[in-house]
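Since the structure is predicted, the reported quantities are computational estimates derived from the model, not experimental observations.
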Amino acid sequence: MKTHSLLALLAASLVEGHYIFNRLIVNGKSIGGEYAYFRKNSNTYMPSFTDEVVNSPDMRCNKGAKPGNTATYTVAAGDKIGFKLFNNEFIEHPGPGFVYMSKAPASGVASYDGSGDWFKVYETGVCSGSPNTDSNWCSWQKDRLEFTIPKTIPPGEYLVRVEHIGLHQANQGKAQFYMECAQLKIEGAGGGVPEPLVKIPGIYKASDPGIKFDKWSGKEKTYVMPGPKVWSG
C-alpha cells in the first residue's frame with residue numbers, strides 16, 4: 001500500500017508541475033482573457049516530448065494550435081511583452097525559456113501557419129551556480145516569461161512563440177516542451193534586420209547538449225543553450 005501511495009503522490013506532483021502560457025501581458029498590464037491572443041493547443045497543459053515534436057510542425061505553436069480562430073493584438077516596438085501561465089501556476093521544472101518571432105506574409109498572421117522564417121529574440125537560462133540545482137534557473141518559480149520587443153524590428157504582423165523546456169527527464173530522451181504562439185501586430189519605424197533566420201521544425205535536434213541534458217548524473221557543470229543566437233535589434 002505504501003508503494004502505491006508513493007507512486008500516486010509522485011504522479012500527482014508531476015502533473016501539478018505542468019503549465020501552459022495563455023495570457024498576454026503588455027507593459028505590465030493583463031490584456032484579454034485566457035487564449036484571447038494565443039492559438040489554442042489541444043493537449044491542454046500537458047507537455048510535448050522530444051521525439052514527438054523536434055521534427056514536427058507541432059514544434060511551432062504546439063499540438064492542435066492552428067491558424068484561423070485567434071485575435072491579433074496591436075503593440076509597439078519597445079513594448080515589454082509577458083506570457084503568463086494559466087491558472088496562476090508557476091514554472092516548476094528546471095530549464096531554459098525562449099521567445100521566437102516569425103513575420104507573417106502580406107495575407108496576415110491570422111492565416112499564417114508559421115512555415116516561414118523565425119528568429120530568436122529572448123532566452124533565459126541559469127542565473128548562477130550549477131544547472132543541476134532547480135532554483136538556479138532564472139525562470140524557476142516564475143509565473144511568466146517576459147521580453148522587450150526590439151525597437152528596430154520591422155513593423156508588421158507576427159507569430160510570437162514563447163517556450164519553456166523542462167529538463168528533469170531530458171536524460172531519458174524526454175525533454176518537456178511547453179510552447180504557445182501569440183498573434184501580435186507590431187508598429188514602429190523598423191530599420192533592423194533580424195538574424196539568424198531559422199525554420200521550425202529545425203531549431204533543435206534530440207542530440208543537442210541542451211536538449212539531452214542530464215541533471216542527475218552530476219557530470220554536467222554548465223548548460224549549453226540550444227537554438228540560434230538571440231537577435232536584440
Side-chain angles (χ1 to χ4, degrees), residues 14-15 17-24 34-72 83-87 89 91 93 95-105 107-124 139 144-145 147 157-184 196-213 225-228:
L14 288 173
V15 171
H18 295 166
Y19 37 88
I20 201 69
F21 302 91
N22 69 1
R23 297 190 73 104
L24 179 65
E34 294 170 0
Y35 290 107
Y37 301 101
F38 288 82
R39 294 185 178 180
K40 191 168 186 178
N41 56 303
S42 58
N43 56 331
T44 65
Y45 54 80
M46 301 301 288
S48 297
F49 295 102
T50 305
D51 61 353
E52 297 175 325
V53 292
V54 290
N55 297 313
S56 167
D58 288 338
M59 191 67 184
R60 294 171 190 155
C61 298
N62 211 340
K63 297 175 181 177
K66 305 297 183 184
N69 298 308
T70 304
T72 301
F83 307 97
K84 192 174 184 297
L85 298 183
F86 164 76
N87 200 34
E89 296 287 349
I91 295 174
H93 292 318
F98 305 102
V99 178
Y100 290 82
M101 300 180 69
S102 181
K103 194 172 189 292
S107 55
V109 71
S111 59
Y112 178 45
D113 65 358
S115 59
D117 293 326
W118 292 80
F119 54 98
K120 185 194 287 184
V121 291
Y122 172 80
E123 64 184 18
T124 179
S139 57
R144 69 194 67 184
L145 293 179
F147 84 109
E157 296 188 357
Y158 285 82
L159 272 182
V160 186
R161 176 185 181 274
V162 58
E163 171 186 45
H164 188 262
I165 305 177
L167 297 174
H168 51 297
Q169 291 183 298
N171 63 311
Q172 303 170 27
K174 292 185 176 182
Q176 295 188 2
F177 294 85
Y178 300 89
M179 60 278 190
E180 294 291 332
C181 286
Q183 294 182 185
L184 297 180
L197 300 178
V198 295
K199 300 287 188 182
I200 301 178
I203 49 174
Y204 311 134
K205 300 189 298 293
S207 59
D208 288 344
I211 300 299
K212 65 174 186 176
F213 181 80
M225 285 288 195

### Message
Apply side chain to side chain contact (heavy atoms under 4.5 Å, CB included) to residues V54 and F177 and explain how you reach the verdict.
### Response
CA-CA 9 Å; V54 290; F177 294 85; 4.1 Å; yes
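- P201 places a side-chain heavy atom less than 4.5 Å from the side chain of R60.
- Going from atom OG of S102 over to atom NZ of K199 covers 8.0 Å, rounded to the nearest 0.5 Å.
- For the ring pair (Phe, Tyr, Trp, His ring centres under 6.0 Å) test, residues two or more places apart in sequence or in another chain that qualify with F213 are Y223.
- At least one side-chain heavy atom of E180 sits less than 4.5 Å from a side-chain heavy atom of I20.
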### Query
What do the steps show when you test W118 against R161 for side chain to side chain contact (heavy atoms under 4.5 Å, CB included), and what is the final call?
CA-CA 9 Å; W118 292 80; R161 176 185 181 274; 3.5 Å; yes
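- With sequence neighbours excluded, no residue satisfies ring pair (Phe, Tyr, Trp, His ring centres under 6.0 Å) with F86.
- Under 3.5 Å, the side chains of N41 and Y35 contain a donor-acceptor pair of N or O atoms.
- Residues that satisfy the salt bridge (charged side-chain N to carboxylate O under 4.0 Å, His left out) test with E123, not counting sequence neighbours, are K120.
- Side-chain contact between R144 and R23 is absent, with no heavy atoms from C-beta onward closer than 4.5 Å.
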### Task
Could you please spell out the steps behind the side chain to side chain contact (heavy atoms under 4.5 Å, CB included) verdict for E34 and K40?
CA-CA 9 Å; E34 294 170 0; K40 191 168 186 178; over 6 Å; no
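- In this structure, F83 and F147 have parallel ring planes: the angle between them is below the 30° cut-off, well short of the 60° mark.
- In this structure, the side chains of Y112 and P105 come closer than 4.5 Å at one or more pairs of heavy atoms.
- Between Y178 and N43 there is no side-chain heavy-atom pair separated by less than 4.5 Å.
- A pairwise comparison of heavy atoms in G210 and L167 identifies O-CD2, 3.6 Å as the closest pair.
- I165 CD1 to M225 CE: the interatomic distance, rounded to the nearest 0.5 Å, is 9.0 Å.
- Taking both residues in full, the closest heavy atoms of N62 and S48 are given as OD1-OG, 3.4 Å, listed atom of the first, atom of the second, then distance.
- Remark: D208 engages K205 in a salt bridge (charged side-chain N to carboxylate O under 4.0 Å, His left out) (not counting sequence neighbours).
- Across G97 and L145, no two heavy atoms sit closer than the pair CA-CD1, 3.9 Å.
- Side-chain contact between V121 and Y100 is absent, with no heavy atoms from C-beta onward closer than 4.5 Å.
- Taken to the nearest 0.5 Å, the CD atom of E163 stands 9.0 Å off from the CZ atom of F21.
- Counting only heavy atoms from C-beta outward, the side chains of C61 and L159 approach each other to under 4.5 Å.
- Contact detail for H164 and H93: the closest heavy-atom pair is CE1-O, 3.3 Å.
- Of all the heavy atoms in V109 and E157, the pair that sits closest is N-OE1, 2.8 Å.
- Scored by the ring pair (Phe, Tyr, Trp, His ring centres under 6.0 Å) test, Y37 finds Y73 as partners (sequence neighbours excluded).
- Across every non-hydrogen atom of D58 and G64, the tightest pair is OD1-N, 4.3 Å.
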#### Entry: E89 and Y45: CA distance, side-chain angles, deciding distance, side chain to side chain contact (heavy atoms under 4.5 Å, CB included) verdict
CA-CA 11 Å; E89 296 287 349; Y45 54 80; over 6 Å; no
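- Two residues are said to be in side-chain contact when any heavy atoms from C-beta on lie closer than 4.5 Å; V160 and V99 meet this criterion.
- Residue pairs meeting the salt bridge (Lys or Arg N to Asp or Glu O under 4.0 Å) criterion with at least one member in residues 43-55, sequence neighbours excluded, are E52-K63.
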